[in-house]
Each structure stands twice: as C-alpha cells, then as structure tokens.
Asks: 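Here it is: the structure, laid out below.
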Protein chains: 2
Amino acid sequence: MAAAALEQSKETIASRVVDALRDDIITMALKPGDVISESDIAGRYGVSRQPVREAFIRLAQQGLLLIRPKRATVVKKISPVGVRQSRFIRESIEVEIIRRVAGQPSDDAADVLARLIADQEAASDANDSRRFHTLDELFHRTLARLAGVEYAWQLIDDHKMQLDRVRYLTLGVSSTQRAIAEHKLIVEAVAKADPAAAETAMRAHLARAELLLNQTITDFPDYFE
Amino acid sequence: MAAAALEQSKETIASRVVDALRDDIITMALKPGDVISESDIAGRYGVSRQPVREAFIRLAQQGLLLIRPKRATVVKKISPVGVRQSRFIRESIEVEIIRRVAGQPSDDAADVLARLIADQEAASDANDSRRFHTLDELFHRTLARLAGVEYAWQLIDDHKMQLDRVRYLTLGVSSTQRAIAEHKLIVEAVAKADPAAAETAMRAHLARAELLLNQTITDFPDYFE
DNA sequence: TCCAGCGCCCTTCCATACAAGAAGGGCATT
DNA sequence: AATGCCCTTCTTGTATGGAAGGGCGCTGGA
C-alpha cells in the first residue's frame, strides 16, 4: 500500500486522513479483514494519533471500519446481507425517482440523458472502465436531480460504498455494452412518458448487481463475512 | 437543561455523551441554533474534552450538530428541504416494503400487526402519546422485518431524527385516532394480499407528515433554516 | 503431554497541554 | 465622529503521556 504523503491542500489533518483511508479501502489497497491501528496509520502518514483516531470514528460510522474497543480496528468485511439491503434501498428510491421523472418529464430531460449515454459509449469504446463507472454514476445522479431529490442521491452514495468495493474487484468484467443498452431503454421510457415501462427497465438494470455480488462472493470468499 | 450525571452503565464515556446529547437535541432541551462548546459540555458532565469532541463528530455526521472549525459548534437548525427529502426516502422504502408484505404475506403477519394496533388503541385511550409514538415506530419497523429488510429500517431511523424533532414539538397535537385508522387500512390490505391498496394506504398515511411539517414551520420559525 | 496461571505487549480510551485561527471590543489615529 | 488596528479571549485542532483492558505465549506443575 502506497504510503503517499497526504495532499496538503485540504482543511484539517483528520479530514485528509479520512479521504486517504476511504480511498484505500474502496480501491482494496486496504483489504477487508486487514487490521490497522491508530499508531500504525499515524506513523505511516507522519501525524499524531489523535486525527487518525477521529478519522477511524468517521469511517466506522460509515460502515467501512469496525472498532473493537481495547482490541483493534479492522477493515470491515463486506456483508452480503448488508449489500443486498443496500440494493433494496437503492432500488426503492430509484424506482420512485424514475416514476417521477417519467411521469412529469421536463423538456430537456431526454436530451440531457441521451448526451450522457453518448459519453458512456465513447468511454466504452475506449475501454476506459474507470471513466465509464463515473459516467454511470452520473447518469443515476442526474435522474435524481431531474426528480428534484438530489439530496437523496447522497444517501444512496453513502450506502453504495459497500457495493463499490465489490465493483472494484470486478472492474473490466462487467459488460458496459449491456449497461448502455439498459440505460437506453430507461431513457426511451422517459421520452415516452411511460412510468410503468421506466420502472420495469430500472428494476431490470439494477437487478444485475445481484449477479455481480454472487459472482464476487465465489471469487473472493475471504472478503465477505 | 438538566445537568444530570451520565448513566454509569454504558460502555465508553464518549458513547454515553452521544446518547445524552442526542436525547437532549431530539427532546428540544438543546434547541436548534443553540451554541455549545466542547469544554462547556465537558464541564457539565465532569469529563474531559476528548470524549465530548468525539461525540460531537458522531452527532455532526448524523446531521444533528454543525461543527464550524475554530469558531463554535451549534445545534443544527431543521432544514425543511432535508426533512422533505427524508420523507421522500422513507416513502420510497416503505412503499416497497408494504408491497412485498402484501404481495407475499406470511401466515401470522396480519395477526402480529393487529396486536400492535390493539396496543396503540390502549395507549391512545390512556392519552400516553409518548408510548403511542413508540408503538407507531414499532409498527413500521415490524413491517420492515416482515419484508426481510429490517436493516433498511435502521437507515430510515437515522434520517428520521430530523422529523422526530418536529414531531416532539407537536406532541399531543397529532391525532392518534386517525393514525390508528390508517394503520388498520394498511393491515386490511395486507390481509387481503392486495399490494396496490396497501401502497395507496401507506402513501396516504405518510403524507400526513407533510402537514405536520408545514404547521410546525409556522409555529416555530426560529428552529428552521 | 496437557493444562492452568501469570505476565508481557498490544490495542483503544481518556486526560492534559499546547497551537492556531476567528471574533469582538477597546484604543489610537485620522 | 469615524475608522482601522491590535489585543484579549473565546473556539476547535493537534500532540503526547498514561490508564484500562484484552490476547497470547511462556512457564511451571501434574
């Protein structure tokens, strides 16, 4: 794991440590089950234990770390049950969002979404799966904005980190072509102002995460509870 | 505000402070906009600044406090937009839950729910609005359990704190009779295994929170952004 | 060979001291 | 009288030392 010096630009040391650790966890530089300690991380980044401790608290609340008092702090293993329930939450909210958007589509909704899909195709052609992932996220976030509940997306974002770890393990595996086709189906339904079709398309799209999860559990059993 | 000594039973000092402060905030002993400081609370409870500081961090992440670096820490005012979006999230999830429960009702589902409603009627007759509120929460939580997504309720619970502050301001005002009637409608739909009717009933039930919010904003404008 | 007890080492937790920034009031200058 | 500067006094942020407790291995006995 890269003991890179923290970027000196941010506000407090504690928040820099939070960002650095979260990135390490999501990118699997810190693996589920890894044991870390305050003094360990403190020494690695050349800061005192106090800001590291506060970073641990924040990340523990986000479900990425597990602080076992007087014992140790470990990178939380991924809970299949938790991931499935996160997916349930996401599906509930995104279905409600797509119903709203398709029910009362704004004038430029379809245009904006179509443009995003075009970008995704470009990223797919360039085999840039990292960028594709970013655009995929932006697509869903844009839907939330169009429904007037962008704040709700922040919630999904928080609880999506678990699934993001799974996704990172399978970067390049997932079929971008298929995801794009599904996005197109969703946008078509929005253009036709057909909420029922939009809901069906969205559920089908999100259902693929279940397959991804099952595949990953068999590939990396040690990372799961 | 009562400077009661923290209950000595819990785990760490920090977690005790968290519980005490959260309770003070939700019950409006600490009002939105109130300025507090680490040393202030530390002196009040007879502990050092450190655990108080960690409690502040946790509560800030839950959206109850706002830490303004080097300046002060204030009890967050209630954001109407935030409350509405929390309600959107809750409605999305609870609708999905009730659809599941009504779609594939377990044998004893209706029985369990009917028993809860009976308790609510007892609490209502006794004018025990505090207990009624607890039972109301248990009703919804039970639905989540029946749908197999109890974890999802924890999420709602976190984001419900804002609305709980609103609710506390209007304790006794809300019509318990009406809420009970709505609960009965929901259970009837579940008993009939009619997801569409259950969804309609649930949406109607949750829609009342909007009225509560608007009423409270006009009654206590200082507590809102 | 097995097992119980003890002690070392590691962890997180708490207390205290110091540093750095922000804000407001008083004072001097214009 | 008005305005700009400084200084005092808050606040939160960071560093460090010790306290409390759990885990694990060694050691002594049976």
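This structure is a prediction, so every number in the text was calculated from the model and none was measured.
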Asks: Nearest whole angstrom, please: distance from the C1' of C:dA15 to the CZ of A:Arg53.
Replies: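 It works out to 12 Å between those atoms.
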
Asks: Looking only at side-chain N and O atoms, does A:Ser48 come under 4.0 Å of OP1 or OP2 in D:dT16?
Replies: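 Indeed not, no polar side-chain atom of A:Ser48 lies that close.
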
Asks: Salt bridge between A:Arg87 and A:Glu91, side-chain N to carboxylate O under 4.0 Å?
Replies: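 Salt bridge present between A:Arg87 and A:Glu91.
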
Asks: For a side chain to side chain donor-acceptor pair (under 3.5 Å) check, start with the C-alpha distance between B:Gln62 and B:Arg22, then their side-chain angles and the critical distance, and finish with the verdict.
Replies: CA-CA 10 Å; B:Gln62 297 181 14; B:Arg22 175 166 43 213; 2.9 Å; yes

Asks: Considering only NZ, NE, NH1 and NH2 on the basic side and carboxylate oxygens on the acidic side, decide whether B:Arg115 and B:Asp111 come within less than 4.0 Å.
Replies: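 Not counted as a salt bridge, because no side-chain N and carboxylate O are separated by less than 4.0 Å.
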
Asks: Starting from P on C:dT12, measure out to CG on A:Asp40 and report it in whole angstrom.
Replies: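 Taking CG of A:Asp40 and P of C:dT12, I get 9 Å after rounding.
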
Asks: Identify whether the distance between the nearest side-chain nitrogen and carboxylate oxygen of A:Arg167 and A:Asp164 falls below 4.0 Å.
Replies: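 Looking at A:Arg167 and A:Asp164, the cut-off is met.
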
Asks: For C:dC13 and B:Thr12 - does any side-chain N or O of the residue sit under 4.0 Å from the phosphate oxygens OP1/OP2?
Replies: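 No, no such contact exists.
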
Asks: Taking the minimum atom-to-atom distance to the side chain of B:Ile67, which one of D:dT12, C:dA15, C:dT12 wins?
Replies: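 Of D:dT12, C:dA15, C:dT12, D:dT12 is nearest to the side chain of B:Ile67.
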
Asks: Using five base pairs at each end, measure the axis-to-axis angle across the helix from C:dT1-D:dA30 to C:dT30-D:dA1 and round it to 10 degrees.
Replies: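 What I find for the helix from C:dT1-D:dA30 to C:dT30-D:dA1 is an axis angle of 10°.
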
Asks: Answer yes or no: is there an ion pair linking B:Glu225 with B:Lys77, defined by an N-O contact shorter than 4.0 Å?
Replies: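 Salt bridge absent between B:Glu225 and B:Lys77.
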
Asks: Just checking A:Arg203: does its CZ atom have more than 12 heavy atoms from other residues, nucleotides or ligands closer to it than 6.0 angstrom?
Replies: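 For A:Arg203, atom CZ is crowded (more than 12 foreign heavy atoms under 6.0 Å).
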
Asks: Does C:dT11 have OP1 or OP2 under 4.0 Å away from a side-chain N or O of A:Thr73?
Replies: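 For C:dT11, OP1/OP2 do not have a side-chain N/O of A:Thr73 under 4.0 Å.
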
Asks: Give one of base, sugar-phosphate or nothing for B:Ile57, where a contact means two heavy atoms less than 4.0 Å apart.
Replies: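 Counting heavy atoms under 4.0 Å across all strands, no contact is made by B:Ile57.
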
Asks: Using atom names, set out every protein N or O paired with an N or O of nucleotides 18-22 of chain C below 3.5 Å, distance rounded to 0.1 Å.
Replies:
from, atom 1, to, atom 2, distance (Å)
C:dG21, O4', B:Lys70, NZ, 3.4

Asks: Take the protein atom CD of B:Gln50 and the nucleotide atom P of C:dT12, then report the distance between them rounded to whole Å.
Replies: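 These atoms are roughly 15 Å apart.
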
Asks: Rounded to the nearest 0.5 Å, how far does CG of B:Leu135 lie from CD1 of B:Ile117?
Replies: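 The CG atom of B:Leu135 is 11.0 Å from CD1 of B:Ile117, to the nearest 0.5 Å.
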
Asks: To the nearest Å, give me how far apart CD (A:Glu54) and P (C:dT12) are.
Replies: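 Interatomic distance, CD of A:Glu54 to P of C:dT12: 14 Å.
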
Asks: Is the phosphate of C:dC10, meaning OP1 or OP2, less than 4.0 Å from a side-chain N or O of A:Ser37?
Replies: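 Negative; the distance criterion is not met.
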
Asks: Does atom NZ of A:Lys76 have more than 12 heavy-atom neighbours from other groups under 6.0 Å away?
Replies: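 Counting neighbours around NZ of A:Lys76, 12 or fewer heavy atoms of other residues, nucleotides or ligands fall under 6.0 Å, so no.
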
Asks: What is the separation between atom CZ on A:Phe56 and atom P on C:dC13, rounded to the nearest whole Å?
Replies: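 Roughly 10 Å, once rounded to whole Å.
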
Asks: When you measure from the side chain of A:Asp34 to the backbone of A:Lys31, do you find a donor-acceptor pair of N or O atoms at a distance under 3.5 Å?
Replies: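 Yes, the answer is positive, given that a donor and an acceptor are paired below the 3.5 Å cut-off.
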
